[in-house]
Amino acid sequence: MALNLNKTRNFGIVAHIDSGKTTVSERILYYTGKKHKIGEVHEGASTTDWMKEEAERGITITAAAVFCNWKDTYINLIDTPGHVDFTAEVERSCRVLDGAVVVFCSVGGVQAQSETVWRQANKYKVPRLVFVNKMDRMGANFEKVVGQVKERLGANPCPIQMPVGQGEEFQGVVDLLGMKYYTFEGENGEDQIEHEIPAEHLEEAKKKRDRMIEIVAGESDALMEKYLESGTLSNEEIVEGLKHGCMHFKLQPMLLGSALKNKGVQLLLDAVIAYLPNPIESHNMTQFALDDTLKANPEPTKPDPKAPLRAMVFKIMNMPQLGDVSFVRVYQGQINEGDQLVCMPSGKTERASRMVKLVGAAPHKISDSPAGDICALVGLKNTQTGDTLCAPSDNKPMLLEGITFAKPVITMAIEPKSNADKEKLAYALARLEREDPTFKKWTDPETSQLIIAGMGELHLEVLSHRIRDEYKVDAIVGKPKVSYRETITKKIEIRGKHVKQSGGRGQYGDCILEIRPLTEEEIAAGHEIIFEDAIRGGTIPKEYRAPIEEGVRSALTRGHISGFPTINVHVKLIDGSYHDVDSSQEAFIAAGSLAIREAYPKLGCVVLEPWMKVEVETPDQFTGTIMGSLQSKRAMITETLDRGVNKIIRCEVPLEGMFGYTTDLRSMSQGRASYSMEPANYKPVPAALVAAIAKKS
């Protein structure tokens with residue numbers, strides 16, 4: 001298909017759980033004519049929540065890509081989950097989007113997961129608009145949310161609309177740019193009616209417009225100069241300033257409405273087209289050569305369909321009626337139906353035998369997908385999330401910068417009910433692991449139990465239900481367990497010397513390692529283990545150095561105190577020796593492993609446990625009981641504040657104490673309190689608890 005890149009928008013909807021993202025997506029599909037009936041989340045009928053688990057739970061679990069047209073602009077839209085257990089879906093979506101709409105509840109404001117998705121958008125340099133939803137709810141307060149976006153997110157919100165009424169009195173939206181008042185009438189709010197601003201709101205609207213102009217003027221020296229000269233800016237200058245500021249992360253236009261009551265969504269679509277970038281204007285996506293391991297010389301991609309193909313597989317999903325579906329963002333070149341493709345970095349080949357666009361689970365056949373587009377390829381077998389697709393004829397295949405995912409924090413054992421289900425379970429787990437980079441499986445070498453790991457109780461519960469429902473496997477799932485870790489506190493130098501002579505050729509491997517804890521900067525950069533080859537000269541030939549690293553990493557997978565993996569370790573290979581005849585790769589693997597095992601007693605090892613950021617919202621009368629329960633779980637209370645008639649308790653809590661907390665919280669608050677949770681960091685386990693953990697492990 002021919003794609004006018006100036007008239008194309010690739011954007012996603014991100015937010016804290018229950019802010020109304022999927023309801024906004026449903027209205028977008030309805031108003032753009034892609035659907036003729038609105039499907040409501042509470043009825044389990046929304047288009048983007050097509051999975052059985054999503055319909056039953058009323059939440060988004062997997063990011064869903066849809067396409068539509070608004071006025072003369074082509075839109076690719078991704079609706080993402082809000083629950084922290086499925087944050088990988090937001091991560092991979094942010095990686096390929098040109099812009100985002102961040103949705104906030106007008107009552108809840110900036111909540112825990114709001115901060116997470118905002119950080120993810122910052123990480124991938126995604127320009128964003130803000131939509132304050134649920135303006136019809138009791139306690140709605142647009143100005144309060146504006147303040148929270150500024151204070152809690154460190155953003156520069158620029159309201160370009162003003163509500164007429166809030167809560168039950170919410171009637172419509174004032175556009176501060178055109179200075180018009182809009183109401184939304186008809187059965188589903190499809191008739192956007194323009195009015196003059198009511199006299200009683202005109203003065204306030206003028207003040208809000210002046211404030212908007214001040215924020216926009218501060219976006220650039222040129223606009224500030226014009227503003228100081230004339231005391232105002234023209235509408236064209238305001239639009240230019242809003243778009244430039246949005247695209248360069250200097251400000252975030254803020255809009256409002258009520259998606260459920262069909263108010264404000266058409267104006268949001270207008271703002272997406274006006275202020276979010278098209279694929280040409282989007283932040284430069286870089287590529288680098290396969291041998292450029294340090295990414296020292298990246299090149300920007302060109303959104304040109306005639307350039308060499310550069311596309312990223314950002315999501316893999318097993319879908320009903322389609323099977324394996326790989327979602328792809330095309331950055332450069334074009335994919336045509338039937339094309340041969342090469343997956344990098346593996347070098348494996350694929351064929352684009354079937355290409356589709358999706359609206360929920362419904363496929364729409366296409367024959368090509370040019371630069372700037374998002375599509376889905378059916379039946380690819382060798383691709384992984386984050387792979388770059390190139391053409392076989394490309395004599396300089398390149399890699400696009402990949403996607404980083406959080407490590408699992410919770411584990412549980414799983415086993416088939418019968419031997420007949422054994423192979424089916426292995427197949428199901430392999431498929432799920434390919435789909436979800438935050439889901440892992442392995443066999444415990446000591447107990448021979450099959451272990452699965454994920455981001456939380458809900459994550460593993462959903463996956464175990466999918467194993468049962470989609471793959472028809474009867475499996476027994478154990479209770480969740482915390483993924484503890486170990487680390488070191490001291491720096492030492494150690495020698496690992498593996499010498500064995502048993503007749504014939506012997507084994508000889510010898511290495512000297514310097515071992516120290518990682519610095520805070522190295523940990524912040526995402527490192528867990530760094531191995532550095534610091535040998536200068538030929539005391540150990542190059543072909544034996546990688547085996548030393550292999551032995552080191554293998555030994556670090558089992559810690560000294562409780563057998564949990566050791567993290568946050570820097571290992572430097574500084575010296576060693578070899579034997580002309582007896583040295584081998586196996587001998588140096590053994591030497592590296594031996595060095596770590598002998599170093600453990602001297603490294604001051606400690607056990608670490610994952611801590612979570614928790615935010616509880618509760619009616620005031622239950623605050624004392626809930627705070628007491630959190631403190632009994634070793635919680636560190638960081639903040640308490642008012643949110644309307646409710647209290648907000650923010651704290652950090654060890655994950656170990658939070659299993660089953662949903663049930664506890666309901667019983668303590670008569671079902672009226674709620675909480676959200678996200679990973680914070682790993683902290684040392686108190687000495688009094690280490691022995692119990694070691695015994696249990």
Side-chain angles (χ1 to χ4, degrees), residues 1 3-5 7-15 19-36 38-39 41 46-51 54 60-82 86 89-103 117 120-121 124 126-131 133 246 255 257 259 262 264-279 281-282 312 314-315 317 319 325 327-330 356-364 366 369 372-376:
M1 64 180 182
L3 199 64
N4 181 346
L5 294 182
K7 297 288 186 180
T8 300
R9 297 292 182 276
N10 299 309
F11 77 97
I13 299 184
V14 300
S19 296
K21 298 179 305 302
T22 302
T23 305
V24 172
S25 298
E26 277 296 307
R27 269 53 181 186
I28 288 174
L29 290 175
Y30 178 75
Y31 296 133
T32 57
K34 189 55 68 174
K35 285 191 68 182
H36 302 293
I38 294 174
V41 175
S46 65
T47 303
T48 52
D49 288 351
W50 54 266
M51 288 174 61
E54 293 176 313
T60 302
I61 290 171
T62 182
V66 298
F67 71 103
C68 55
N69 289 276
W70 179 244
K71 298 180 178 175
D72 59 349
T73 300
Y74 182 78
I75 289 172
N76 285 305
L77 166 65
I78 298 180
D79 177 33
T80 66
F86 310 107
E89 298 292 319
V90 184
E91 190 82 15
R92 57 170 136 212
S93 299
C94 283
R95 169 61 182 75
V96 298
L97 292 169
D98 299 329
V101 173
V102 186
V103 179
V117 299
Q120 288 171 306
Y124 292 106
V126 182
R128 67 218 75 151
L129 304 177
V130 172
F131 182 70
N133 193 25
C246 179
L255 302 92
N262 309 309
V265 176
Q266 296 98 317
L267 292 174
L268 173 63
L269 280 167
D270 290 339
V272 164
I273 292 166
Y275 307 124
L276 290 182
N278 63 46
E281 299 164 326
S282 176
M312 167 162 281
F314 66 93
K315 177 178 172 63
M317 191 79 195
M319 298 185 71
V325 177
F327 292 83
V328 175
R329 167 68 193 265
V330 185
V356 296
K357 289 273 195 173
L358 291 160
V359 177
H364 298 255
I366 58 171
S369 185
D373 195 19
I374 292 174
C375 69

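All residue numbers in this chain count up from 1 along the given sequence.
- Residues satisfying the side-chain hydrogen bond (donor to acceptor under 3.5 Å, both in side chains) criterion with E91, sequence neighbours excluded, are Q120, K123, Y124.
- Between the OG1 atom of T8 and the CZ atom of F67 there is a distance of 13.0 Å, given to the nearest 0.5 Å.
- Residues meeting the side chain to side chain contact (heavy atoms under 4.5 Å, CB included) test with A271, sequence neighbours left out: L129, L255, Y275.
- Contact detail for V103 and S19: the closest heavy-atom pair is CG1-O, 3.5 Å.
- Distance check, rounded to the nearest 0.5 Å: OG1 of T32 to CD of Q266 gives 10.5 Å.
- Inter-residue side-chain proximity for V102 and V14 is flagged as met; some heavy-atom pair is nearer than 4.5 Å.
- Here the CE atom belonging to M319 is positioned 5.0 Å from the CG atom belonging to L358, to the nearest 0.5 angstrom.
- Nearest heavy atom pair, residue I366 against residue C375, reads CD1-CB, 3.9 Å.
- In this structure, I28 and C68 approach most closely via the heavy-atom pair CG2-SG, 4.1 Å.
- Aromatic ring pairs are classed by plane angle as parallel below 30°, tilted from 30° to 60° and perpendicular above 60°; the pair F327 and F314 is tilted.
- Taking every heavy atom of both residues into account, V356 and P363 meet most closely at CG1-CB, 4.0 Å.
- Between D98 and P277 the shortest heavy-atom distance is O-CG, 3.2 Å.
- A side-chain donor-acceptor contact under 3.5 Å links R9 to the backbone of I273.
- A 4.5 Å side-chain heavy-atom check between E26 and D79 finds every atom pair outside the cut-off.
- Counting all heavy atoms, side chain and backbone alike, F11 lies closest to A100 at CB-N, 4.4 Å.
- Side-chain contact between Y74 and D373 is present, with at least one heavy-atom pair separated by less than 4.5 Å.
- To the nearest 0.5 Å, atom CZ of residue R92 and atom CE of residue M312 are 12.0 Å apart.
- For the pair R128/C94, no side-chain contact is recorded, criterion being any heavy-atom separation below 4.5 Å from C-beta on.
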- Check the pair L269 / I75 against side chain to side chain contact (heavy atoms under 4.5 Å, CB included), numbers first and verdict last. CA-CA 10 Å; L269 280 167; I75 289 172; 4.0 Å; yes
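- Every residue two or more places apart in sequence or in another chain that forms a side chain to side chain contact (heavy atoms under 4.5 Å, CB included) with L97 is listed here: I78, S93.
- Residues meeting the side-chain hydrogen bond (donor to acceptor under 3.5 Å, both in side chains) test with D270, sequence neighbours left out: W70, K71.
- Residues that satisfy the side chain to side chain contact (heavy atoms under 4.5 Å, CB included) test with N4, not counting sequence neighbours, are N6, K7.
- Annotation: side chain of T80 is not in contact with side chain of V117 (no heavy-atom distance under 4.5 Å).
- Residues satisfying the side chain to side chain contact (heavy atoms under 4.5 Å, CB included) criterion with A259, sequence neighbours excluded, are T23, V24, N133, V265.
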